[in-house]
Amino acid sequence: MQVQTENKIYIPEEYFLLEETAENQHEYRNGEIIPMTGGTTNHNEIASNFCAYLKLALKSKNYRVFISDITLSIPDYNLYTYPDLMIIEGQPSYYQNRNNTVTNPSIIVEVLSKSTANYDRGEKFKIYRSIPDFKEYILIDQYQFYLMLAFPYDALL
């Protein structure tokens, strides 16, 4: 016999309270809280190396580089997520004065994993394009030598 359970729909405030004490990160998608897959050492090394390179390359520029501990708020899709890297031109705009949740990255970097590659290339890219400041999307494949740059507007492709 199968027992059906109802999925609880959370409000953002509940999500943020849960994230404060959670051992692992979760994505908030329109009321659902979805566990994020754990990264591998390879994934972590690629992201940290790319972050170090970007911080050095942008050192004297008006850009700030943030790693995956900072939440990205995307209100048009009621989504809160943790990109691997975000670059913000100028000062961060914070969601509801939360100093760990930003709204204005101009560049987003994702290191692809087997479990998230399709989502990162498809639906997530579509969602990221709703961010007004968004200019570039960088996807790094950790399993082969492949780097993809994508622009937010289809007309630019």
Side-chain angles (χ1 to χ4, degrees), residues 5-52 54-55 58 62-142 147-154:
T5 59
E6 266 187 58
N7 289 341
K8 178 173 172 30
I9 301 298
Y10 294 86
I11 61 173
E13 291 75 16
E14 291 174 303
Y15 164 73
F16 287 120
L17 281 174
L18 291 170
E19 279 302 274
E20 286 176 12
T21 58
E23 289 184 24
N24 299 308
Q25 294 176 332
H26 300 81
E27 189 170 85
Y28 178 93
R29 293 185 204 162
N30 203 25
E32 291 184 66
I33 295 177
I34 296 143
M36 296 181 69
T37 59
T40 63
T41 54
N42 193 42
H43 181 281
N44 185 275
E45 191 169 15
I46 292 167
S48 63
N49 285 343
F50 201 68
C51 180
L54 287 172
K55 286 191 90 60
L58 300 172
N62 191 25
Y63 292 95
R64 299 182 69 184
V65 181
F66 296 96
I67 59 171
S68 61
D69 290 340
I70 301 298
T71 311
L72 171 59
S73 169
I74 307 171
D76 288 355
Y77 286 88
N78 199 17
L79 176 76
Y80 303 93
T81 190
Y82 295 89
D84 289 317
L85 294 165
M86 292 184 283
I87 300 170
I88 294 176
E89 186 172 358
Q91 293 299 311
S93 291
Y94 295 109
Y95 171 76
Q96 295 185 348
N97 295 318
R98 297 183 60 82
N99 66 357
N100 64 347
T101 306
V102 299
T103 62
N104 63 325
S106 55
I107 299 170
I108 298 174
V109 179
E110 295 283 8
V111 178
L112 300 176
S113 66
K114 290 178 181 171
S115 62
T116 64
N118 288 338
Y119 176 55
D120 289 341
R121 286 185 179 116
E123 184 68 18
K124 204 171 202 183
F125 181 43
K126 176 184 146 192
I127 292 167
Y128 285 163
R129 290 187 301 201
S130 72
I131 301 168
D133 295 301
F134 182 55
K135 295 178 184 169
E136 293 185 45
Y137 190 34
I138 300 171
L139 300 173
I140 303 171
D141 191 322
Q142 65 175 305
L147 176 75
M148 180 179 140
L149 298 175
F151 298 94
Y153 303 103
D154 293 330

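Everything numeric in this text was worked out from a predicted model, so none of it was measured.
Partners of Glu27 under the salt bridge (Lys or Arg N to Asp or Glu O under 4.0 Å) rule, at least two apart in sequence or in another chain, are Arg29, Lys124. Scored by the side-chain contact (heavy atoms from CB on, under 4.5 Å) test, Leu85 finds Phe50, Cys51, Leu54, Val65, Ile67, Val109 as partners (sequence neighbours excluded). By the salt bridge (Lys or Arg N to Asp or Glu O under 4.0 Å) test, Glu32 pairs with no residue at all, sequence neighbours left out. Take Tyr80 and apply the side-chain hydrogen bond (donor to acceptor under 3.5 Å, both in side chains) test, not counting sequence neighbours, and it matches Tyr95. Asp76 is linked by a side-chain hydrogen bond (donor to acceptor under 3.5 Å, both in side chains) to nothing, counting only residues two or more places apart in sequence or in another chain. Qualifying side-chain contact (heavy atoms from CB on, under 4.5 Å) partners for Thr116, counting only residues two or more places apart in sequence or in other chains: Thr37, Ser113, Asp120. When the side-chain hydrogen bond (donor to acceptor under 3.5 Å, both in side chains) test is applied to Arg64, the partners found at least two apart in sequence or on another chain are Gln91. Considering only residues two or more places apart in sequence or on other chains, Glu14 meets the salt bridge (Lys or Arg N to Asp or Glu O under 4.0 Å) condition with Lys8. With sequence neighbours excluded, the residues satisfying side-chain contact (heavy atoms from CB on, under 4.5 Å) with Leu17 are Glu20. Legend: residues meeting side-chain hydrogen bond (donor to acceptor under 3.5 Å, both in side chains) with Glu45, ordered by chain and number and at least two apart, are absent. Ala22 is linked by a side-chain contact (heavy atoms from CB on, under 4.5 Å) to Glu19, His26, counting only residues two or more places apart in sequence or in another chain.
For residues 87-96, the set of pairs meeting the salt bridge (Lys or Arg N to Asp or Glu O under 4.0 Å) definition, not counting sequence neighbours, comprises Glu89-Lys135.
Residue Asp133 holds its CG atom at 11.5 Å from CD1 of Ile107, rounded to the nearest 0.5 Å. Atom CG in Asp69 sits 9.5 Å away from atom CG in Asn100 (nearest 0.5 Å). Between the CD1 atom in Ile108 and the CG atom in Leu139 there is a gap of 10.5 Å [rounded to 0.5 Å]. Rounding to the nearest 0.5 Å places CG of Asn104 at 12.5 Å from CD1 of Ile87. Residue Ile34 holds its CD1 atom at 14.0 Å from CD of Gln25, rounded to the nearest 0.5 Å.
Side chains of Thr81 and Tyr128 form a contact here, defined as non-hydrogen atoms less than 4.5 Å apart. In this structure, the side chains of Pro105 and Ile131 come closer than 4.5 Å at one or more pairs of heavy atoms. Taking 4.5 Å as the limit, every side-chain heavy atom of Leu72 sits out of range of all side-chain heavy atoms of Tyr82. Taking the side chain as every heavy atom from C-beta outward, Arg98 and Thr71 never approach each other to under 4.5 Å. Using a 4.5 Å heavy-atom cutoff, the side chains of Tyr137 and Arg129 are not in contact.
The environment of CG in Asn118 is sparse: at most 12 heavy-atom neighbours from other residues, nucleotides or ligands sit within 6.0 Å.
Put simply, the side chain of Ser93 never gets that close to the backbone of Thr103: no donor and acceptor are under 3.5 Å apart. Proximity of a side-chain donor or acceptor of His43 to a complementary backbone N or O of Gln142 within less than 3.5 Å is not detected.
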